[in-house]
Structure formats: structure tokens, C-alpha cells
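Working notes, beginning with the structure itself.
Counting begins at 1 with the first residue of the sequence. Please read these numbers as outputs of a predicted model, since none were measured by experiment. Scope of the values below: all heavy atoms of this structure, side chains included, with no hydrogens, waters or symmetry mates.
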Amino acid sequence: MTMEREKRPLWYVMLLLLSVMLIVVWFVAYQHPAFAADDTMRFLLSVFPFYVFGMLAMAYYVYPGRSEVAWVLVALTWLSYAGLAAMVWLV
């Protein structure tokens with residue numbers, strides 16, 4: 001008995017790759033001088049890449065069976081990028 005595995009569309013995989021490539025924002029945020037003294041923000045910035053990779057890996061994995069959940073995970077990742085940008089540039 002073989003199970004056919006549904007393929008993920010190429011545009012979806014490209015969107016996930018673009019989302020991972022935005023981790024460059026993290027490098028800019030980590031260099032910001034306002035975070036040198038604040039331990040909480042430094043911790044959040046240290047954990048952020050693992051969070052992004054984990055969320056997008058889960059989105060890639062669950063897409064064939066639960067595409068709605070995958071879209072929620074991608075949306076949360078993009079909202080996290082927006083939150084990181086706001087945290088960096090509004091501080």
C-alpha cells in the first residue's frame with residue numbers, strides 16, 4: 001500500500017523561502033545599540049531565528065493536509081517580523 005504525497009505548489013515554497021530570507025532583518029535588529037542593556041530584548045532577538053525556522057518548517061510540513069493551519073503559521077511569522085521591526089525602530 002503506497003500513500004500518495006500531495007505536492008506543495010512552487011509559489012508556496014517560494015513564499016516560504018522568501019519568509020526565511022527575511023531573517024536578514026534579525027541581523028540588523030541584533031546590531032541595534034538599544035538592545036545592549038536590555039536582557040529581555042536580547043533574549044527575544046536570540047530566540048527569534050529559531051522561532052522563524054520552526055514556524056516555517058511546520059507550515060511546510062502541514063500544508064498538504066491542513067493548508068489553513070499552514071497559512072496561519074505563515075501569517076504569524078510575517079506579523080512577528082512586523083513586531084520585530086516595530087520593536088527595533090520605535091525604541
Exercise. Are M55 and L79 linked, directly or through other ILVMFWY residues, by side chains that come within less than 4.5 angstrom of each other?
Worked result: no

Exercise. Do V74 and M14 share a hydrophobic cluster, counting only Ile, Leu, Val, Met, Phe, Trp and Tyr and linking them when any side-chain heavy atoms are less than 4.5 Å apart?
Worked result: yes

For this session: Only pairs at least two apart or in different chains count here, so list each side-chain hydrogen bond (donor to acceptor under 3.5 Å, both in side chains) that has a residue in residues 67-78.
Result: S19-W78

Exercise. Distance-only, no hydrogens or angles: does the R8 side chain make a donor-acceptor pair with backbone N or O of P64 under 3.5 Å?
Worked result: no

For this session: Can you measure from CG (L15) to CG (L10) and round to the nearest 0.5 angstrom?
Result: 11.5 Å

Exercise. Are L18 and L84 connected in the hydrophobic side-chain network, where two residues link if heavy atoms are under 4.5 Å apart?
Worked result: yes

Exercise. Quick one: are Y81 and V52 in side-chain contact, heavy atoms under 4.5 Å?
Worked result: yes

Problem set entry | F48-F53 aromatic ring centre distance below 6.0 Å | no

Problem set entry | Separation of I23 CD1 from L56 CG (nearest 0.5 Å) | 9.0 Å

Exercise. Is the shortest heavy-atom distance from the side chain of Y63 to the side chain of V69 under 4.5 Å?
Worked result: no

For this session: May I ask whether L22 and W11 are part of the same hydrophobic cluster, defined by side-chain heavy atoms of I, L, V, M, F, W, Y residues being less than 4.5 angstrom apart, directly or through others?
Result: yes

For this session: Using side chain to side chain donor-acceptor pair (under 3.5 Å) as the criterion, list what pairs up with Y51, not counting sequence neighbours.
Result: S80

For this session: Considering non-hydrogen atoms only, spot the tightest contact between A59 and L16 and give its length.
Result: CB-CD2, 4.3 Å

